[in-house]
Amino acid sequence: MEGQRKIWLEAMLKIAAPVLEALSEKKLKEKFPLQFHEERKFYAPLEAFARLSCGMAPWIELEGLTGKEKEKQAYYKKLMILSIDAATDPDSPDYMNFGTEGGQPLVDAAFLSHGLLRAPGQLLSALDVRVKGNLINALKMTRRIAASGSNWLFFSAMVEAALYLLGEPDYDKMRIGYAVDMFEEWYQGDGVYGDGREFHWDYYNSFVIQPMYVDIITLFEHNPDRYEKLKPKVLARASRYATVLERLIAPDGTYPIIGRSVTYRFGAFQMLSQAALEHMLEESVKPAQVRC
């Protein structure tokens with residue numbers, strides 16, 4: 001098991017190191033390769049940093065590590081905090097596009113926000129007043145972007161959830177409540193939500209919908225009128241969907257190429273990974289079966 005963990009840790013850090021080491025030094029835009037995707041130049045830095053943050057945050061938050069892994073965790077936590085500063089400071093050469101160009105910034109601000117929700121003890125609590133202020137201002141910029149009737153509703157909701165955790169009193173409860181209401185209407189059964197009113201058989205339940213819904217409903221479960229009652233249903237659906245994901249993985253580790261964004265790879269099984277991490281797997285799925 002230690003060997004397997006080492007392989008996964010090295011895979012994560014191979015992705016993380018180039019982004020965080022450059023961004024922490026305020027040199028990400030300078031070093032970021034864009035020749036192959038020139039039209040993404042306005043979005044790519046935030047895409048890289050935010051999606052990395054979302055995936056890496058549970059490890060940053062993890063307690064009980066020892067030895068070299070604990071040392072690496074402390075190192076990357078420091079880089080992450082410096083990177084949040086570099087990305088949100090208007091005077092930084094790596095200040096990112098949170099809403100000045102196109103609609104894509106809402107997507108990636110949501111992934112950054114999700115990372116903050118997943119590591120409140122190690123990331124959020126470590127930000128000083130100046131950086132928190134810059135981060136709040138950056139996230140608020142995405143409010144000019146209208147979310148479509150799809151998984152994008154959770155992008156708006158996740159940004160507001162992060163603003164709530166940052167102590168912002170005017171976080172928008174309506175954006176959170178609207179996303180919850182719509183996805184309750186769009187639930188299709190057997191652990192799967194529609195991406196809008198229509199059923200789409202792809203991995204967006206795992207990329208966005210299920211993980212964001214689970215974490216938002218958990219964050220706001222103290223609301224007895226709405227979210228507290230919904231939480232058991234939302235978690236049960238997520239557990240069921242994790243089972244469906246596990247059964248899509250063949251013995252050789254391959255899985256069906258269906259829908260959009262199949263190259264996200266790790267993200268395709270995000271909900272299965274989260275269910276294993278948070279002990280939400282159905283009884284028919286054992287932790288040893290989770291091969292993602």
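One is the number of the first residue; the rest follow in order along the sequence.
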Quiz item: Around Y178, counting heavy atoms of other residues, nucleotides and ligands shown, do more than 12 lie under 6.0 Å from its OH?
Solution: no
Quiz item: Taking it one step at a time, do R260 and D195 satisfy side-chain contact (heavy atoms from CB on, under 4.5 Å)?
Solution: CA-CA 12 Å; R260 303 166 290 161; D195 193 357; 3.3 Å; yes
Self-check item: N-O pairing of K26 and D85 below 4.0 Å
Solution: no
Quiz item: Can K41 and E101 be counted as an ion pair, charged N to O under 4.0 angstrom?
Solution: no
Quiz item: Would you say the side chain of R118 lies within less than 4.5 Å of the side chain of S53, judging by non-hydrogen atoms?
Solution: no
Quiz item: Got a sec, which residues hit ring-ring contact (aromatic ring centres under 6.0 Å, His included) with F111, two or more places apart in sequence or on another chain?
Solution: F155
Quiz item: For the hydrophobic clusters of this structure (ILVMFWY residues joined by side-chain heavy atoms under 4.5 Å, transitively), does one cluster hold both L166 and I216?
Solution: yes
Quiz item: Where is the tightest heavy-atom contact between L245 and S206, given as atom of each residue plus distance?
Solution: CD1-OG, 3.6 Å
Practice problem: Using a cut-off of 6.0 Å, state whether more than 12 heavy atoms not belonging to R197 lie near its atom CZ. | Solution: no
Self-check item: Gap separating the CE atom of M280 from the OG atom of S239, nearest 0.5 angstrom
Solution: 4.0 Å
Exercise. On the 0 to 90° scale, with breaks at 30° and 60°, tag the W201-F199 ring pair as parallel, tilted or perpendicular.
Key: parallel
Quiz item: Do we see a donor-acceptor contact under 3.5 Å between the side chains of D252 and T254?
Solution: yes
Exercise. Mind checking the CG-OG spacing from L106 to S148? Nearest 0.5 Å is all I need.
Key: 9.0 Å
Quiz item: Quick check: are there more than 12 heavy atoms from other residues, nucleotides or ligands sitting under 6.0 Å from NZ of K72?
Solution: no
Quiz item: Using 4.0 Å as the upper bound for N to carboxylate O, is an ion pair formed by E10 and K14?
Solution: no
Quiz item: Do E246 and E282 have side-chain heavy atoms sitting under 4.5 Å apart?
Solution: no
Exercise. Answer yes or no: is there a donor N or O on one side and an acceptor on the other, between the side chain of Q270 and the main chain of V208, under 3.5 Å?
Key: no
Exercise. Check whether the side chains of E69 and W59 place a donor and an acceptor atom closer than 3.5 Å, and report yes or no.
Key: yes
Self-check item: Identified ring pair (Phe, Tyr, Trp, His ring centres under 6.0 Å) partner of Y213 from the options F220, Y227, Y193
Solution: Y193
Exercise. Could you walk me through whether M271 and Q274 pass side-chain contact (heavy atoms from CB on, under 4.5 Å), step by step?
Key: CA-CA 5 Å; M271 192 59 245; Q274 184 170 346; 3.9 Å; yes
Quiz item: Just checking, K173 and Y171: is the charged tip under 6.0 Å from the six-membered ring centre and within 45° of the axis?
Solution: yes
Quiz item: Taking C-beta and beyond as the side chain, do L112 and F98 meet within less than 4.5 Å on heavy atoms?
Solution: yes
